[in-house]
Structure formats: C-alpha cells, structure tokens
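Taking it in order: structure first as structure tokens, then the write-up.
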There are 2 protein chains.
Amino acid sequence: MVPTLKDVAERAGVSRSAVSRAFTDGASVSAKMRKRVEKAASELGFSPNVLASSLTTGRTKLIGLVSNNFHNPIFLEVFDLFTRALQDQGLRPLLVNLTDETDPANSVRMLRQYSVDGVVVASSTLPPAFGKAFRDAGVPVVHAFGRVTSAPEVHVVGIDNIDAGRLAAQSLIARGYQRVGFMGGPEVATSTQDRLKGFLQELALHPQIRASQSFARTYSFEAGREEMQDLLSRAHAEAYFCGDDVLSIGALSAIQDRRLSVPDDIGIIGLNDMEIAGWHNINLTTIRQPIKEIVTSSIELITAMLREPARLPEARIFACQIVERGTLRPLPTTAAP
Amino acid sequence: MVPTLKDVAERAGVSRSAVSRAFTDGASVSAKMRKRVEKAASELGFSPNVLASSLTTGRTKLIGLVSNNFHNPIFLEVFDLFTRALQDQGLRPLLVNLTDETDPANSVRMLRQYSVDGVVVASSTLPPAFGKAFRDAGVPVVHAFGRVTSAPEVHVVGIDNIDAGRLAAQSLIARGYQRVGFMGGPEVATSTQDRLKGFLQELALHPQIRASQSFARTYSFEAGREEMQDLLSRAHAEAYFCGDDVLSIGALSAIQDRRLSVPDDIGIIGLNDMEIAGWHNINLTTIRQPIKEIVTSSIELITAMLREPARLPEARIFACQIVERGTLRPLPTTAAP
DNA sequence: AGCCAATTTGCAATCGGTTGCAATAACTAT
DNA sequence: ATAGTTATTGCAACCGATTGCAAATTGGCT
C-alpha cells in the first residue's frame with residue numbers, strides 16, 4: 001500500500017542505498033542523484049519509515065512524555081508547550097499516563113518496548129524512583145517540575161520550593177499580615193515539605209508573626225475547600241499560602257461561603273499561575289512558576305542527552321515571581337515625606 | 001545494551017523462532033519450551049521490541065492522538081481518559097499537537113513516518129479535512145467530538161449539536177425567561193451553527209419569546225468576557241446560552257463586574273460540564289457532554305477498525321443532559337392543587 | 001515394536017531501512 | 001594522456017523481530 005524505499009529505487013533506476021542516502025543529510029550523494037531520487041519519491045508519495053530506520057540507527061525520535069497530573073489545569077499548558085517544543089525538534093511525544101501506577105518497572109518495560117530515545121517526566125508528584133528507573137535502564141531522562149537538589153540523580157528542572165516558600169512568607173509579611181498560615185498539599189510530598197521549610201525559615205526572622213500550618217488531602221479543589229472550611233471553623237489566620245492554585249481556589253470558595261471578604265478578611269496566595277488564576281472572577285494572587293522556561297530547558301537537556309548520553313545529571317532552577325492580583329491586600333505605600 | 005531475542009535464544013539454547021513464538025500467544029509452542037524461554041528472558045530482562053516486530057506484523061500499536069485544543073480544560077480530562085483507555089488496550093498514544101497547523105498533508109506524512117495503526121482526532125474545531133486526509137492515506141480514523149452527520153465520511157462520535165441547542169432553549173423557556181440570547185463561539189464553526197439552529201428551532205415554537213444572537217471571537221475566557229461586556233452595554237437578554245463553559249465563565253465575570261446578579265438579573269447556561277464548572281465559586285449550570293462515553297466509544301471504534309479495516313464509517317451520537325447548578329433560576333414548582 | 005498423525009522446532013526469507021567496504025566514476029595536476 | 005585523488009555508487013550484511021515451510025519430535029493406537 002504505502003511506497004517503500006525499494007519502490008523508489010526501482011522507479012528511479014538506482015540502488016536502495018542511493019535512495020536511503022538521498023534522504024539522510026550529510027550523506028555522500030551527488031546533486032544529480034538526489035534530484036533524481038526526490039523526483040521518484042515525490043511521484044510515489046514516499047517518505048521514509050522512521051521506525052524501520054530506527055532499527056539500524058538506534059534512534060526512534062520518540063520521547064516518552066510521562067506524567068500523572070491529569071487533573072491540574074496547568075498541565076494542559078505544560079503538555080501544549082512540551083508537544084510543540086518536541087515537534088519543533090523533530091521529536092514525537094509518546095504520552096504515558098501514570099495515574100495509579102506504582103511500579104516503575106512496568107513503565108520501564110513499556111518504554112523500552114517502544115525504544116524511546118528519551119523520557120521526560122513531567123510531574124511534581126511522581127516519586128523520584130521512576131526517573132531513576134529510567135536512567136538505570138539506560139534511557140536519557142529529565143524530570144521537569146521535579147525536586148531540585150544539589151546532587152541530582154537525573155536531570156531535574158524546576159523551581160526551588162524552599163525559595164518559593166520563603167517568597168510567599170515575605171509577601172505576606174510585607175503586606176502586614178500578623179497571623180499567617182501554610183495550607184500545603186499532601187504532607188508526604190517533598191515539594192510540600194520544602195515550601196513549608198522556606199516559609200518557616202523566613203518567619204523565623206520575624207518572631208512577632210504567628211504562623212500555623214495544615215495540609216490538604218490532595219491537590220484538588222475539593223481538598224482545598226474542605227481544608228479551609230475546617231480552618232475557618234477554628235481560629236484562623238489572616239492570610240494563607242496555599243499549596244497550589246487549585247487548592248487556593250478551593251480555599252477561596254470556602255471563604256466566600258462564609259461571607260468573608262478577600263483580601264480584607266483573609267488573604268490567599270497560591271502557586272503556579274495557571275491560566276485560570278488570571279480569570280477576572282478568580283483573580284488569584286499567586287507565585288508564578290515559569291513553565292515555559294522549564295519546558296524549554298527540559299527539552300534542551302533531553303536533546304543534549306541524545307547527543308552526549310554520558311552527560312552528568314544537572315539541576316536547573318528557575319526563580320519564581322509573584323503575580324499581584326486581588327487576593328492579597330496591596331503593599332503599603334511608603335508614606336510621603 | 002538491551003538484550004534482544006537473539007540473546008535470549010542463545011542463552012536458552014533454542015532457535016530465535018522459538019523465542020519469538022514463546023512471546024506471541026496462540027503460537028505453536030510446547031509448555032516446556034515456553035517455560036525455558038521465559039526463564040532465559042527474565043534472567044536477561046528481555047522484552048520484545050514492538051517497533052521491530054511491527055516491520056513484519058504491520059502493527060505498531062501506536063495510535064495518533066491528534067488535537068488542537070490545548071487551551072480548554074475539558075481536554076485535559078479528555079486526554080486523561082484517552083490515554084488510560086488506550087493503555088488498557090495495549091495501545092500507545094502518539095500525541096500530535098495541531099495548533100496552528102493548517103495543512104493536513106503534513107500531519108499525514110508525520111503519522112505515516114511512524115506508521116501508526118490508527119488515528120483519533122480529538123477536537124471540536126479541527127476541520128473535517130484532516131480526518132479525511134488520514135482516511136485517504138489508509139489509516140483508520142475516528143473523529144471524537146466531531147460533527148455528527150447522517151452520512152459520515154469517517155467515524156465520528158460526539159453529541160448532536162442541534163439537539164444541544166434545542167435543549168438549551170427548552171431549559172431557558174421552561175425557567176420562564178422571556179428574552180433569551182445565543183452567545184456562540186466562532187461563527188464559522190459548524191458546531192456553533194448547529195447549536196444555533198437547534199436553539200432557534202425550539203424558539204420558533206414559542207413565538208412570544210424574543211431571541212438574539214452573537215458570537216465570540218474564540219472559545220476563550222477573554223472572548224466570552226468581552227462579548228458579554230458588549231452585550232451588557234446594549235439592551236441585553238435575560239438569559240444566554242453560551243458556546244461552552246469557558247465562554248460562559250468569561251461572560252459571568254463580565255456580569256459580576258457590572259454588579260448584576262446571576263441568576264436573578266441574568267441567567268447563563270454553558271456546554272461541556274468541565275470539572276471547573278462544578279467548582280462552588282463558579283457553579284455553572286451547563287449541558288453535560290458525556291466525554292467518558294464519547295471516549296470509550298471512540299476507542300471501541302478504533303479497535304474495531306484495527307480488526308476490520310474496511311468497516312463503514314459510522315456516527316455515534318450521545319445525548320446531552322442538563323446539569324442544574326446556580327446560574328439559571330430554578331424551574332417553577334408546579335402549583336399545589 | 002511399528003506406523004501414522006499431530007505437534008513442535010528450526011531454517012531461511014522477509015519486513016523497511018542503513019552502512020562498511022569495494023568498485024566505479026569524476027576530477028586534478030602533471 | 002596518465003597517474004593519483006576524491007567523490008559517488010552499489011553490493012551485501014545487518015538491525016530485531018516474524019512466519020511459511022519442511023524436518024524432527026512426540027504421542028496414540030494396534
């Protein structure tokens with residue numbers, strides 16, 4: 001049905017090797033030959049089968065895009081960016097949904113069956129064991145949105161969560177909140193721990209400020225809402241740093257239900273800056289995670305690994321930035337003289 | 001590096017065919033042989049290379065998942081469902097992002113290079129030319145969320161948009177709104193046209209009700225917001241059927257800005273029922289598109305096509321259902337006797 | 001034990017390409 | 001012209017699997 005290299009060779013009256021070479025750039029072919037082959041090829045509508053060639057070249061141009069975050073809207077943006085960036089490099093993403101997968105071995109087998117050239121793990125919650133398993137299987141890996149440490153076992157690109165926690169605390173303090181709270185995601189997640197750590201570190205410099213902490217079940221609207229309902233039924237803080245934007249919006253909904261006003265009665269700052277956070281009826285003040293840069297950088301690393309497989313793991317850390325919107329009261333204006 | 005069939009054969013002291021057969025079920029192998037091969041294979045950590053076998057079998061188990069909707073949160077849910085459903089069938093999604101792609105030929109070439117077994121187009125806005133191009137290239141296609149017609153050119157599964165428009169109009173009328181509006185997505189989209197058609201059909205049965213119509217630039221929050229701002233600055237209707245949930249939420253934000261109350265001053269009904277629509281601080285009344293069923297059905301069709309490539313194109317239409325929340329006033333209770 | 005049929009196994013060709021090597025063609029310089 | 005290079009081309013083996021066919025094994029039955 002579909003034309004093969006052999007068909008082209010016959011039609012052009014040349015050897016199969018010639019055709020193959022005409023399609024690989026940098027190969028030894030005369031201009032005349034290339035023209036001739038291209039003519040035959042286009043008449044037949046031929047384009048070489050990447051998978052067949054992968055057998056000899058060892059390159060499939062397939063990149064496993066593995067994630068388990070299919071409920072956080074920011075990941076739609078992430079997938080959009082990743083797929084486009086990969087396509088621009090002539091690579092194709094093989095999407096792997098690891099929701100409820102616990103055994104890295106399964107995923108490794110799966111990806112090896114398709115002999116992907118590399119894997120990018122795009123997840124903030126997938127255990128590092130997955131990344132390591134891929135690496136041990138000899139597959140280049142980069143973990144985007146992973147936990148950055150000073151001695152990474154695989155390439156990691158993301159933000160410094162400790163720093164983000166610190167930034168959140170600073171923002172709250174600068175706006176004059178006296179009792180602040182940390183409402184994190186699941187307590188077991190290292191990202192949660194790191195953010196808490198930074199948050200508390202900063203607060204330690206301001207002993208007059210009271211801090212509290214709590215954790216939502218999951219990174220979801222409902223969990224954020226319930227956690228905030230719980231907090232509101234007890235003595236609550238004046239402002240909260242929430243685990244992420246989704247959690248924040250859940251918290252906001254609980255606050256609105258109580259007829260409390262934001263940011264006057266309670267302030268909220270989120271993390272991620274997903275598109276929805278900017279919607280006017282949400283208008284969430286949040287810490288922006290530079291996803292575009294993280295994606296670009298991840299792709300850079302993965303392509304670098306393709307060229308140079310022995311490259312040592314590296315951590316790339318991006319700074320976060322606070323995005324002022326309406327859920328935190330404004331910075332006090334410095335008094336005029 | 002990675003063990004091949006040959007390695008296993010040598011270690012087990014059998015022929016390569018024997019190993020191959022041990023891994024394909026239904027093949028002629030004795031239990032003893034299979035045991036022996038499996039032992040060697042597991043010692044070596046071998047698993048067969050799907051891509052290599054695809055050369056002879058003609059099956060890659062790769063399904064192109066093509067879409068251009070990377071900004072509508074409902075598609076994250078769609079991708080989640082599709083990837084899981086495909087995985088359950090032993091198939092792998094090759095994600096193709098067709099944002100800003102206009103030439104079907106490119107996509108066809110791309111997918112042929114990877115010799116995908118089939119393609120599922122998951123998009124409500126991709127022109128039918130793409131689906132047809134894949135079909136003409138001999139690749140099984142199903143267009144999920146496509147336009148269903150009585151004489152489909154490729155398999156289509158989705159909702160009946162005319163029906164949805166009718167349902168929206170009925171809901172509005174049943175709730176006693178006298179002046180209703182259709183605030184559609186881009187006017188050129190056939191889905192928009194169909195929904196409008198159904199909407200007007202129903203209204204034609206109620207001549208006492210006044211209807212107006214307008215269209216947003218795109219299916220986006222901002223477009224919905226701007227369109228509604230525009231409408232509000234003129235004489236506006238009492239209730240609107242918006243093109244989709246995102247547009248609806250944009251419209252809601254414009255309404256809130258004007259300090260008008262929903263649903264007392266203005267009612268809104270959306271379409272899709274994405275997760276966010278149910279968030280308490282959005283609480284959007286909407287028409288639910290049964291995405292789970294659409295996905296399941298699409299997968300069913302694509303696997304059916306793999307078994308029986310000549311199968312005639314079929315349209316599968318799912319009924320929509322209205323999800324009562326807070327942006328439309330309640331149905332009048334029938335008066336007690 | 002002997003014969004025939006049914007299973008099981010291995011050989012070798014094949015899928016659609018790539019690539020090292022040797023043969024040929026095209027230049028270059030004398 | 002001619003020898004010496006250099007650039008092109010084709011042959012044939014190979015990548016990692018599958019599969020038709022024939023050979024070998026097994027088993028059943030007399």
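Computed over heavy atoms, backbone and side chain alike; hydrogens, waters and symmetry mates excluded. Within every chain, numbering begins at 1; the chains are lettered A, B, ... in the order of the sequence lines, protein sequences first and strands thereafter. Computed from a predicted model, the values in this text were never measured in an experiment.
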Regarding F46(A), tell me which of base, sugar-phosphate or nothing describes its non-hydrogen contacts under 4.0 Å with the strands shown.
sugar-phosphate
For atom CG of D88(A), is the number of surrounding heavy atoms from other residues, nucleotides or ligands below 6.0 Å larger than 12?
yes
Report which part of the nucleic acid S28(A) touches: base, sugar-phosphate, or nothing (heavy-atom distance under 4.0 Å, all strands).
base
Using a cut-off of 4.0 Å on non-hydrogen atoms, how would the nucleic acid contact of T57(B) be classed: base, sugar-phosphate, or nothing?
sugar-phosphate
May I ask you to say what V19(A) touches in the nucleic acid, namely base, sugar-phosphate or nothing, with a heavy-atom cut-off under 4.0 Å?
nothing
Within less than 4.0 Å of OP1 or OP2 of dT18(D), is there a side-chain N or O belonging to S20(B)?
yes
Exercise: do S191(A) and N161(A) side chains pair donor with acceptor under 3.5 Å:
no
Can you see which heavy atom on I159(B) is nearest to which on I317(B), and at what distance?
C-CG2, 4.1 Å
Base dC15(C) to side chain S53(B), donor-acceptor N/O within 3.5 Å cut-off
no
Please confirm whether any donor atom in the side chain of R16(A) sits under 3.5 Å from an acceptor in the base of dG17(C), or the reverse.
yes
If each of R21(A) and V2(A) is mapped to the nucleotide of DNA chain C with the nearest heavy atom, which maps nearer the 5' terminus, i.e. the 5' end?
V2(A)
Counting distance alone, no hydrogens or angles: does the base of dC11(D) have a donor or acceptor under 3.5 Å from a partner atom on the side chain of S15(A)?
no
Regarding the side chain of M33(A), the nearest nucleotide among dG16(C), dT14(C), dG10(D) is dG10(D)
Does S30(A) have a side-chain nitrogen or oxygen under 4.0 Å from the phosphate oxygens OP1 or OP2 of dT9(D)?
yes
How many angstroms lie between atom CE of M110(B) and atom CZ of R92(A), to the nearest 0.5 angstrom?
4.0 Å
